[in-house]
Protein chains: 2
Amino acid sequence: MSDHNHIQQNHNHEHSGLLSQLAESGYRMTPQRSMIVEAIENSSNHISAEEIYASVVSKYRHVNISTVYRTLELLKEKGLVTETNLGNGRVSYHPTGKGQHHHLVCHKCGAIIDLDETAFIDLKEMLRKKYGFLADLKHLAIFGSCLKCNS
Amino acid sequence: MSDHNHIQQNHNHEHSGLLSQLAESGYRMTPQRSMIVEAIENSSNHISAEEIYASVVSKYRHVNISTVYRTLELLKEKGLVTETNLGNGRVSYHPTGKGQHHHLVCHKCGAIIDLDETAFIDLKEMLRKKYGFLADLKHLAIFGSCLKCNS
DNA sequence: TTTCGTGCAAACCCTTTGCATTTGC
DNA sequence: GCAAATGCAAAGGGTTTGCACGAAA
């Protein structure tokens, strides 16, 4: 469920972008990091820590989920992935370089509708002008009910 | 910290509004519920489960936090309180009857700026028209950095 | 070889649940 | 008196941490 709305492709085929950027920052190249990064880059859209773990473990059984969390921590610090709270205590990750987008999360059917990054330009501008607040709209998820569910 | 932006008052002084509404729904009146509801209604703005618990326990030592969670569950079901995720894995509660508002959360200093419920009317309308999505904007928190922090 | 990264297990935080007891009505 | 609410303690889910071992540079 909730994946039929993800129509975003991977137009950007530089090999292991995130991985090479980690390496350039002086971090070591390990098979685990390589697989974790691959899972993130191959995900159609956003992917949770558990999903990354599942993907990696299906290749190498001996990977531990704490390594996934530690790698995500690194990637976040370096600004290479963006974290989005999609509700239900679930946090998802997305490579920053793939472009930002926003989420409309239907609390009835669980569908996630993606909006491109320009969708909230007006909102952002309003908040800046009125409140001097620089909204970090890489992270925005709005909850509600979708077209199908509020018929 | 983060409380200096809460300048909202309790203009609505009917005695124990939430409590009487619970009673009208057939639920029993207990000292625990009364204290929990009081803590919510007296909070300047939004209050977490732990904060409610702390407030109640300071009066009657024998209250248990599970009772707080169970009462919040009831109040949510009845639509008497609104739940807002202010980040940091912490969820806050607010009496629905006090009027809705939105939050700008500064991830640098932790300040929470309140916006009144009309602030996102345009946004809501845009989402409805463009996507048929009925945004539930009782819950909205936007993260970013505030005027003081992005000087 | 030496520092960094990993696996493992245990701890963590917040929230939920099962069950026996107490309480409101 | 009886159903509903509570306290307690234990479990749950997702995430983090300490530590000794293993692997990258």
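Within every chain, numbering begins at 1; the chains are lettered A, B, ... in the order of the sequence lines, protein sequences first and strands thereafter. Note that the structure is a prediction, hence the values are computed from the model and not measured.
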Tell me every residue that passes ring pair (Phe, Tyr, Trp, His ring centres under 6.0 Å) with A/F120, counting only those two or more places apart in sequence or in another chain. A/H102
Check the pair B/E73, B/R70 against salt bridge (charged side-chain N to carboxylate O under 4.0 Å, His left out), reporting the backbone distance first and the verdict last. CA-CA 5 Å; B/E73 196 56 38; B/R70 285 190 272 232; over 6 Å; no
May I have the distance from B/E77 (atom CD) to C/dT16 (atom P), rounded to whole angstrom? 12 Å
Can you measure from CD1 (B/I47) to CD1 (B/I52) and round to the nearest 0.5 angstrom? 5.0 Å
Whole angstrom is fine here: how far is it from CD in A/E24 over to C1' in D/dA24? 18 Å
When the distance from OH of B/Y60 to C1' of D/dG7 is rounded to whole Å, what number comes out? 16 Å
Euclidean distance, atom CE of residue A/M35 to atom P of C/dG5 [Å, nearest integer]: 16 Å
Name the nucleic acid region contacted by B/E50, choosing base, sugar-phosphate or nothing; use a 4.0 angstrom heavy-atom cut-off, strictly under. sugar-phosphate
Distance check, rounded to the nearest 0.5 Å: A/L123 atom CG versus A/L127 atom CG? 4.5 Å
Atom CG of A/N85 to atom P of D/dG14: distance rounded to whole Å? 13 Å
Expressed in angstrom and rounded to an integer, what is the separation of A/L22 atom CG from C/dG5 atom C1'? 12 Å
So if I define the base as every atom that isn't primed, P, OP1 or OP2, how would nucleotides 19-25 of chain C read as a B/S/- string at a heavy-atom cutoff under 4.0 Å? ----BBS
Would you mind telling me which residue lines up with the more 5' stretch of DNA chain C, A/G26 or B/Y69, judged by nearest nucleotide? A/G26
Just to verify, which of A/E83, A/H46, A/E51 counts as forming a side-chain hydrogen bond (donor to acceptor under 3.5 Å, both in side chains) with A/Y93? A/E83
Without decimals, in angstroms, what is the distance between B/N64 CG and C/dG18 P? 16 Å
For C/dG7, take OP1 and OP2 only and decide whether either is under 4.0 Å from a side-chain N or O of A/Q32. yes
Would you mind telling me which of C/dT15, D/dA5, D/dT15 lies closest to the side-chain atoms of B/R33? D/dA5
Which atom names give the shortest non-hydrogen contact between B/F133 and A/G144, and what distance separates them? CZ-N, 3.4 Å
Atom CZ of A/R61 and atom C1' of C/dG7: how far apart are they, to the nearest Å? 14 Å
Of the candidates C/dT15, D/dT6, D/dC8, the side chain of B/T71 sits closest to D/dT6
From the list A/H101, A/K98, A/H103, side-chain hydrogen bond (donor to acceptor under 3.5 Å, both in side chains) with A/N45 holds only for A/H101
Measuring to OP1 and OP2 of C/dG7, would you say a side-chain N or O of A/T67 lies under 4.0 angstrom away? yes
